[in-house]
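Heads up, the thing below is written out as structure tokens.
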Amino acid sequence: MAQTTPNHTQTVSGWAAHDSSGKITPFIFKRRENGINDVTIEILYCGICHTDLHHVRNDWGITMYPVVPGHEITGVITKVGSNVKEFEVGDRVGVGCLAATCLECDFCKDSQENYCDQVQFTYNGIFWDGSITYGGYSKMLVADHRYVVRIPANLPLDATAPLLCAGVTVFSPMKDHNLHQAPGKKIGVVGLGGLGHVAVKFGKAFGHHVTVISTSPSKEKEAKERLGADDFLVSTDAQQLKKGMRTLDFILNTVSAKHSLGPLLELLKVNGTMVVVGAPDQPFELPSFPIIFGKRAVKGSVIGGMRDTKEMMELCGKHNITCDIEVTTPDKLNEALDRVAKNDVRYRFVIDIAASSAAAGLPSNL
């Protein structure tokens, strides 16, 4: 493991955290040369995911400093390797969480690369050459073409960026349950944040009755009027939950705070399924009776493979689905991360990487 190899000859400007304070500062580092299977991407936008916050502060105890976060990357290809046939210079593309996998296991062969036991991520991972991966809080990225997707021409690059993580995270379990092809179901979305608001958009685009379940009564108007949700339940209101018992076919749980799954499971019909995509730092409360007496299932899901990511992006182009974002600039990264920690954003920050070097605190010659 090393920060670079002799093949890392390209000087790149970006932004990194150097310790568990999580403070982001300008950072100059090296990227590898564009290889035969690579594309080089001028990064124009990068979304800020809650995972970025966990990594810069080392909340999970796995951060390799300095860490350059960012796995919701959109930009334009500037160089293409000789083995790359599906991309050309000038193509609008995106890169999500995946940087490398073994390419040989059953999961990789089935395009479920996200479940490969050798998966390495776009940042804070170890690439095939042994170097540490640096993410999208930077001006340029070299990526293996197998982990790059095309962005439909009708989708803006800024509001599309969070789809590379948040979007596929909610799309993949919906696809697993055939919700993208079988309309008319009643589905619930727990939590109306970066993940939840995209799940509502997908649910409505796929022709379902969507109920948002939230602890915040104040979000009802936005859920219904702005996002198109059909119903809204306050998860702390016992009467509302009682009324909603056995009404839903499927629940997508996006909440990352500790909570009990029991009351939510009671909202499912017999044989219903809840898929958990939020990652609380403490265990869920999971009582047995709602599962046993309702023949219900609780499953997990993490991001998505490349086939799902490409299919999701095509469907977003077809239905004109993007994320609701607030654009920020590199010089305001620390402020943005602090607001993410307070859930003070509707619903995703996206960094305008192309903002002026002067404003970003970078040397003018880079």
Is the backbone of [Y] close enough, under 3.5 Å, to the side chain of [X] for a donor and an acceptor to pair up by distance?
{"X": "S172", "Y": "T169", "result": "no"}
{"X": "K85", "Y": "S82", "result": "yes"}
{"X": "H177", "Y": "M174", "result": "no"}
{"X": "K219", "Y": "L192", "result": "yes"}
{"X": "D52", "Y": "C49", "result": "yes"}
{"X": "E113", "Y": "T101", "result": "no"}
{"X": "N154", "Y": "G317", "result": "yes"}
{"X": "H319", "Y": "C316", "result": "no"}
{"X": "Q240", "Y": "V234", "result": "yes"}
{"X": "S138", "Y": "G135", "result": "yes"}

Distance-only side-chain donor-acceptor flag, [X] / [Y], under 3.5 Å:
{"X": "D230", "Y": "H208", "value": "no"}
{"X": "R57", "Y": "S21", "value": "no"}
{"X": "N58", "Y": "Y65", "value": "no"}
{"X": "N83", "Y": "H145", "value": "no"}
{"X": "N7", "Y": "T5", "value": "no"}
{"X": "T51", "Y": "H54", "value": "no"}

Exercise for the section: Apply side-chain hydrogen bond (donor to acceptor under 3.5 Å, both in side chains) to the pair N124 and Y134, showing each step before the final yes or no. Expected result: CA-CA 7 Å; N124 203 58; Y134 291 131; over 6 Å; no
Considering the options [options], which one meets the side chain to side chain contact (heavy atoms under 4.5 Å, CB included) requirement together with [X]?
{"X": "I41", "options": "V95, V76, T74", "answer": "V95"}
{"X": "P152", "options": "K318, M313, R92", "answer": "M313"}
{"X": "F232", "options": "K224, K221, E222", "answer": "K224"}

Practice task
Applying side chain to side chain contact (heavy atoms under 4.5 Å, CB included), run through D324 and R346 and close with a yes or a no.
Solution key: CA-CA 7 Å; D324 291 4; R346 294 287 177 90; over 6 Å; no
Problem - Spacing of N343 atom CG and S216 atom OG [to the nearest 0.5 Å] - result: 9.0 Å
Problem - Distance (rounded to the nearest 0.5 Å) between N34 CG and M140 CE - result: 8.5 Å
Exercise for the section: Classify the angle between the aromatic ring planes of F289 and F293 as parallel (below 30°), tilted (30 to 60°) or perpendicular (above 60°). Expected result: perpendicular
Exercise for the section: Classify the angle between the aromatic ring planes of H55 and W60 as parallel (below 30°), tilted (30 to 60°) or perpendicular (above 60°). Expected result: perpendicular
Would you call [X] and [Y] a salt bridge, using N to O less than 4.0 angstrom?
{"X": "K175", "Y": "D308", "value": "yes"}
{"X": "R146", "Y": "D144", "value": "yes"}
{"X": "D38", "Y": "R32", "value": "yes"}

Exercise for the section: Output, in order, the C-alpha distance, side-chain angles, deciding distance and verdict of side-chain hydrogen bond (donor to acceptor under 3.5 Å, both in side chains) for T211 and K186. Expected result: CA-CA 8 Å; T211 298; K186 290 192 173 183; over 6 Å; no
Exercise for the section: Please go through V298's hydrophobic cluster and name the other residues, only I, L, V, M, F, W, Y counting, with side-chain heavy atoms under 4.5 Å joining them. Expected result: V190, I213, L233, L241, L248, I251, V255, L261, L264, L265, L267, L268, M274, V276, F284, L286, I291
Fill in the blank from the handout: Residue pairs meeting side-chain hydrogen bond (donor to acceptor under 3.5 Å, both in side chains), one or both in residues 294-307, sequence neighbours left out, come to D110-R307
Fill in the blank from the handout: In short, side-chain hydrogen bond (donor to acceptor under 3.5 Å, both in side chains) pairs touching residues 264-280 with sequence neighbours left out are D249-K269
Practice task
Verify whether the ring centers belonging to F27 and H18 lie closer than 6.0 Å.
Solution key: yes
Exercise for the section: Please confirm whether R150 makes a cation-pi placement over F87, using NZ or CZ under 6.0 Å from the six-membered ring centre and within 45° of the ring normal. Expected result: no
Exercise for the section: Check whether M306 and I77 end up in the same hydrophobic cluster, where Ile, Leu, Val, Met, Phe, Trp and Tyr are linked by side-chain heavy atoms less than 4.5 Å apart. Expected result: no
